[in-house]
Amino acid sequence: MTSQRTRERLIQRLQEQGIRDHRVLDVMRVTPRHIFLDEALSHRAYEDTALPIGYSQTISQPYVVALMTELLLSRGPRDRVLEIGTGCGYQAAILAQLVDKVYTVERIKPLLLKARERFRRLGLRNIISAHNDGAIGWAQYAPYDGIITTAAPARVPEELLAQLAPDGVLVIPVGPEGDQELRLIQRQGDSADFDEQVITRVRFVPLLSGIQR
Ligand code: SAH
């Protein structure tokens, strides 16, 4: 089930659904998604679906990972990117192969520890991670050229907007559980103005506050 043919079928499906950026498709083709799942589920790794990763969390659907990554890169190169919600680490691993440096924050410690192990295993040395509440971003390394949030807040946190570099983009699902929209937000130059575009309806786990040990 983890054969090259199975993976190729997934990439084809992503293309049929409208993913056009070849950099994204190429990186997803060569990144083993099965190592981000528990063994009992790894045979389903190349289905285009979200799957449980424990602690009531999920690995995002490949199409959504592809779409968010494509959006993040759609308005020029992004050197330094912040991800909120490391989860199993799959989205961060994809990003790490497309940008210089990835900063990623996760509030559930055991998930973060497992993700770090996978980054090591894949030799991804440009991912810096922290166990923290990402709803307030990660001020220490700000500003970021891009920020991706993989859990949905009820509204866009001001802290994330404040940590965007000039012309930086924020890709974020926003709204109550079961009724969220994916937004692409771009800071206009070095101003405090933001251009906002609604991309599509999505389903994400909620962005929670505080940390879990
Ligand atoms: N990026 C993951 C998706 C994980 S699901 C992937 O590639 O599949 C979203 C993750 O966001 C969960 O692991 C959840 O624990 C985490 N999360 C939710 N609220 C958070 C917060 N305030 N700070 C950091 N992580 C958070």
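If you read the sequence from its start, that first residue is 1, and numbering goes on from there. When a ligand or atom number is given, it counts from 1 through the structure's own listing order.
- Under 4.0 Å from ligand 1, the heavy atoms of V205 that appear belong solely to its side chain.
- In terms of protein heavy atoms, atom 7 (O) of ligand 1 is closest to Q91 N, 2.8 Å.
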Take D26 and R23 through the salt bridge (Lys or Arg N to Asp or Glu O under 4.0 Å) test and state the conclusion after the steps.
CA-CA 5 Å; D26 287 348; R23 296 167 297 178; over 6 Å; no
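- In terms of protein heavy-atom proximity, atom 19 (N) of ligand 1 is closest to L208 N, 3.0 Å.
- The minimum heavy-atom distance linking R78 with D145 is given by the pair NH1-O, 3.0 Å.
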Step by step, work out the side-chain contact (heavy atoms from CB on, under 4.5 Å) result for D48 and Q61.
CA-CA 6 Å; D48 188 22; Q61 180 192 356; 3.2 Å; yes
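- Here the side chain of R107 pairs no donor or acceptor atom with the backbone of G134 at under 3.5 angstrom.
- For ligand 1, the atoms lying closer than 4.0 Å to a non-hydrogen atom of Y90 are 7 (O).
- Contacts of Q57 with ligand 1, taken as heavy-atom pairs under 4.0 Å, involve the side chain alone.
- Cluster membership check: L72 does not share its hydrophobic cluster with V174, using side-chain heavy-atom separations under 4.5 Å among Ile, Leu, Val, Met, Phe, Trp and Tyr.
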Under the side chain to side chain donor-acceptor pair (under 3.5 Å) criterion, do D167 and Q186 qualify, and how do the steps go?
CA-CA 6 Å; D167 293 314; Q186 183 165 35; 4.6 Å; no
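- Judged by distance alone, the side chain of N126 and the main-chain N or O of D100 form a donor-acceptor pair under 3.5 Å.
- Considering every non-hydrogen atom in both S60 and F204, the closest pair reads OG-CE2, 4.1 Å.
- When each atom of ligand 1 is checked for a heavy atom of L207 under 4.0 Å away, the hits are 19 (N), 20 (C), 21 (C), 22 (N).
- Within the cation-pi definition used here (under 6.0 Å to the ring centroid, within 45° of the axis), R33 qualifies as a partner of Y90.
- Scanning all protein heavy atoms for the shortest distance to atom 25 (N) of ligand 1 gives R107 N, 3.4 Å.
- Regarding atom 8 (O) of ligand 1, its nearest protein heavy-atom neighbour is S60 N, 2.9 Å.
- Residue N132 places a heavy atom less than 4.0 Å from ligand 1.
- Side chain to side chain, Q97 and T31 meet the donor-acceptor criterion of an N or O pair below 3.5 Å.
- Using a distance-only test at 3.5 Å, with no hydrogens or angles considered, a donor-acceptor pair links the side chain of Y144 to the main chain of W138.
- Heavy-atom separations between E83 and ligand 1 include at least one value shorter than 4.0 Å.
- A donor-acceptor pair under 3.5 Å is absent between the side-chain atoms of N132 and the main chain of V105, judged by distance alone.
- The closest protein non-hydrogen atom to atom 9 (C) of ligand 1 is T150 O, 3.3 Å.
- Using a non-hydrogen distance threshold of 4.0 Å, S209 does not register as a contact of ligand 1.
- Exactly one of R9, R5, H34 qualifies for a side chain to side chain donor-acceptor pair (under 3.5 Å) with Y46. That residue is H34.
- Looking at T86 against ligand 1, only its backbone comes within 4.0 Å, counting heavy atoms.
- Distance from atom 4 (C) of ligand 1 to its nearest protein heavy atom, with residue and atom name: T58 O, 3.2 Å.
- Residue contact check: A135 has heavy atoms under 4.0 Å from atoms 22 (N) of ligand 1.
- Atom 15 (O) of ligand 1 has E106 OE2, 2.6 Å as its closest protein atom, hydrogens excluded (heavy atom only).
- Residue-to-ligand polar distances place G85 within reach of ligand 1: an N/O pair is separated by less than 3.5 Å.
- For ligand 1, the atoms lying closer than 4.0 Å to a non-hydrogen atom of G87 are 4 (C), 13 (O).
- Residue I59 places no N or O, backbone or side chain, under 3.5 Å from any N or O of ligand 1.
- Below 3.5 Å of separation, one finds an N or O of G134 facing an N or O of ligand 1.
- Near D133, meaning under 4.0 Å from any of its heavy atoms, are these atoms of ligand 1: 21 (C), 22 (N), 23 (N).
- With a 4.0 Å cut-off on non-hydrogen atoms, P206 touches ligand 1 through its backbone and not its side chain.
- When each atom of ligand 1 is checked for a heavy atom of A151 under 4.0 Å away, the hits are 11 (O), 18 (C).
- Those atoms of ligand 1 that come under 4.0 Å of a heavy atom in V105, given as number and element, are 24 (C), 25 (N).
- Residues R116 and H131 approach most closely at NH2-N, 4.4 Å, considering heavy atoms.
- The proximity of I108 to ligand 1, defined as any non-hydrogen pair under 4.0 Å, is limited to the side chain.
- No salt bridge links E117 with K114; every basic N to acidic carboxylate O contact stays at or beyond 4.0 Å.
- Close contacts of ligand 1 with L111, meaning ligand atoms under 4.0 Å from a residue heavy atom, involve 13 (O).
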